[in-house]
Amino acid sequence: MASLDIPRSFGALLMGGLFATLLSGFVMMQVYLYFQMYPSDLRQTKGLVLAIWALDASHTAFIWSALWSYVIDNYGDPSNINVIHWEIALTIVMTAILTFLVHIFFAHRIYMLSKKNYLLTAPVAILACLRLISACVTTAEMIHYGTFSGFRSSIKWIFTTGLALSTAVDVLITGSLFVLLHASRTGAANAGTVISMICWLVMPSNLVFMGLHFVIGKLYATSLLVTLNMRENIRRGRAGSSNGFGAPVILDTRRRRTGETTDQLALSGIRTDSKRESSNLNLKGTMLEVNVERTIHYDI
């Protein structure tokens, strides 16, 4: 790194770490809400949520371990900012694993919503796997070269490919969910990946891209957890919109008739449901009153 920009190098890492930690707290809150709201979910779903939380917490720990190495252990040595500490390298692969789990979750959702359409789901799954492989190679090469300048000059394309693949998967998921549901919550993660890639390409002399990369995994984790936790609100909203009041519909019909027509109505009501309809029948033509109460339940 020929020219060192302290605010956009040390400062970018520090601000990225602080914001990532804030989002990690939000992820933890979402995990807590999930287990409070959906204790009867499938074990697979609960296991996925726990895996997301564990990866996110470990990712945050590695970020602060790297910041300690840069700011405390090598205090007063600006040239150390060019060193790729092993904790920084591991944040790349941990972000990729977390991203992969989220991508597969949404791919499965698209698969079910599209009535098991492999043509729609397969590209998402394949690109997600390629993105994970790219990140693993990136981590290995970062540890191998040991410096940002050496990594950038020798194998810059691999990190760019990983970010591009992640962006492509996000676009496919967002487009598919928009078509199937007319809604999607993956936009924030997609934007974070694109901005990080742009900074990586146009600002080679600083570490703004790395500070932004700290945040990407948190955005993916948040999008998955919010999707899971919003299910109950969506159900209630659809049930409410179906009847206008958000409650079961009760119909109460009262009729007064005489003669043969009334007798036929009463006999029909008795045959249909003797427990829910009450009749006072006089076959000689006296007044008849029939009270009918019908309840319609909506299950969406």
Side-chain angles (χ1 to χ4, degrees), residues 16-60 63 91 94-114 120-121 124-125 127-128 131-132 163 166-196 212-241 246 300:
L18 290 172
F19 192 56
T21 304
L22 177 64
L23 290 177
S24 186
F26 184 74
V27 169
M28 185 178 297
M29 181 186 69
Q30 290 293 321
V31 171
Y32 173 79
L33 290 176
Y34 167 79
F35 282 102
Q36 290 293 314
M37 295 172 62
Y38 304 98
S40 60
D41 262 7
L42 296 175
R43 291 183 179 179
Q44 296 89 326
T45 307
K46 292 180 179 179
L48 175 63
V49 171
L50 286 176
I52 293 294
W53 173 77
L55 285 168
D56 178 76
S58 300
H59 181 260
T60 303
I63 289 175
T91 63
M94 294 192 73
T95 296
I97 296 173
L98 195 154
T99 302
F100 175 76
L101 293 176
V102 175
H103 282 161
I104 293 301
F105 168 81
F106 282 111
H108 180 264
R109 194 179 187 203
I110 292 170
Y111 176 74
M112 300 305 294
L113 290 172
S114 62
L120 192 61
T121 309
V124 176
L127 291 178
R131 189 269 188 274
L132 179 61
L163 293 176
S166 183
T167 302
V169 177
D170 291 339
V171 170
L172 286 176
I173 291 174
T174 302
S176 299
L177 290 179
F178 183 80
V179 171
L180 295 170
L181 295 175
H182 302 288
S184 177
R185 295 184 178 85
T186 61
N190 184 16
T193 305
V194 172
I195 295 173
S196 179
L212 291 171
H213 199 273
F214 286 164
V215 177
I216 292 175
K218 316 297 184 184
L219 296 177
Y220 278 105
T222 299
S223 73
L224 184 146
L225 293 169
V226 168
T227 299
L228 289 175
N229 289 340
M230 286 294 291
R231 288 175 293 167
E232 187 63 30
N233 289 338
I234 292 174
R235 290 194 191 105
R236 291 176 180 175
R238 289 177 178 175
S241 62
I300 300 178

Exercise for review: Hey, could you give me the CG/CD1 distance between Leu177 and Ile110, rounded to the nearest 0.5 Å?
Suggested key: 4.5 Å
Review point. When Tyr220 is tested against each of Asp170, Ile52, Thr95, Val215 for side chain to side chain contact (heavy atoms under 4.5 Å, CB included), which residue passes?
Key: Asp170
Check your understanding: What are the two closest heavy atoms between Asp41 and Arg231, and how far apart are they?
Key -> OD2-NH2, 2.7 Å
Check your understanding: Nearest heavy-atom pair of Gly17 and Ile63: which atoms, and what distance?
Key -> CA-CG2, 3.8 Å
**Study point:** Worked verdict on Leu50 versus Phe35 for side-chain contact (heavy atoms from CB on, under 4.5 Å)
**Key:** CA-CA 10 Å; Leu50 286 176; Phe35 282 102; 3.8 Å; yes
**Study point:** Distance in Å, Leu48 CG paired with His108 NE2, rounded so as to fall on 0.5 Å steps
**Key:** 11.0 Å
Point to revise | Closest non-hydrogen atom pair between Ala107 and Thr121, with its separation | key: O-CG2, 3.4 Å
**Study point:** Separation of Leu172 CG from Thr167 OG1 (nearest 0.5 Å)
**Key:** 11.0 Å
Check your understanding: So among Gln30, Met230, Met28, which one has a side chain to side chain contact (heavy atoms under 4.5 Å, CB included) with Leu225?
Key -> Gln30
Check your understanding: Roughly how far, to the nearest 0.5 Å, is the CD1 atom of Ile173 from the CZ atom of Phe105?
Key -> 10.0 Å
Practice item. Decide side-chain contact (heavy atoms from CB on, under 4.5 Å) for Leu22 and Phe19; before the verdict, give the C-alpha distance in whole Å, the side-chain angles of both, and the deciding distance to 0.1 Å. Key: CA-CA 5 Å; Leu22 177 64; Phe19 192 56; 4.2 Å; yes
Exercise for review: Work out which heavy atom in Ala128 is nearest to a heavy atom in Val169; give both atom names and the distance.
Suggested key: N-CG2, 3.7 Å
Revision key, fill the gap. Nearest heavy-atom contact between Ser24 and Asp56 is OG-OD2, 2.7 Å
Exercise for review: Take Leu132 and His103 through the side-chain contact (heavy atoms from CB on, under 4.5 Å) test and state the conclusion after the steps.
Suggested key: CA-CA 11 Å; Leu132 179 61; His103 282 161; over 6 Å; no
**Study point:** Separation of Leu23 CG from Phe214 CZ (nearest 0.5 Å)
**Key:** 13.5 Å
Review point. Would Tyr38 and Thr45 satisfy side-chain contact (heavy atoms from CB on, under 4.5 Å), going step by step from the backbone distance to the final call?
Key: CA-CA 10 Å; Tyr38 304 98; Thr45 307; over 6 Å; no
Review point. Could you give the distance from OG1 (Thr99) to CG (Leu224), rounded to the nearest 0.5 Å?
Key: 11.0 Å
**Study point:** Residue pair Leu98 / Ala221: nearest heavy atoms and the distance that separates them
**Key:** CD2-N, 3.7 Å
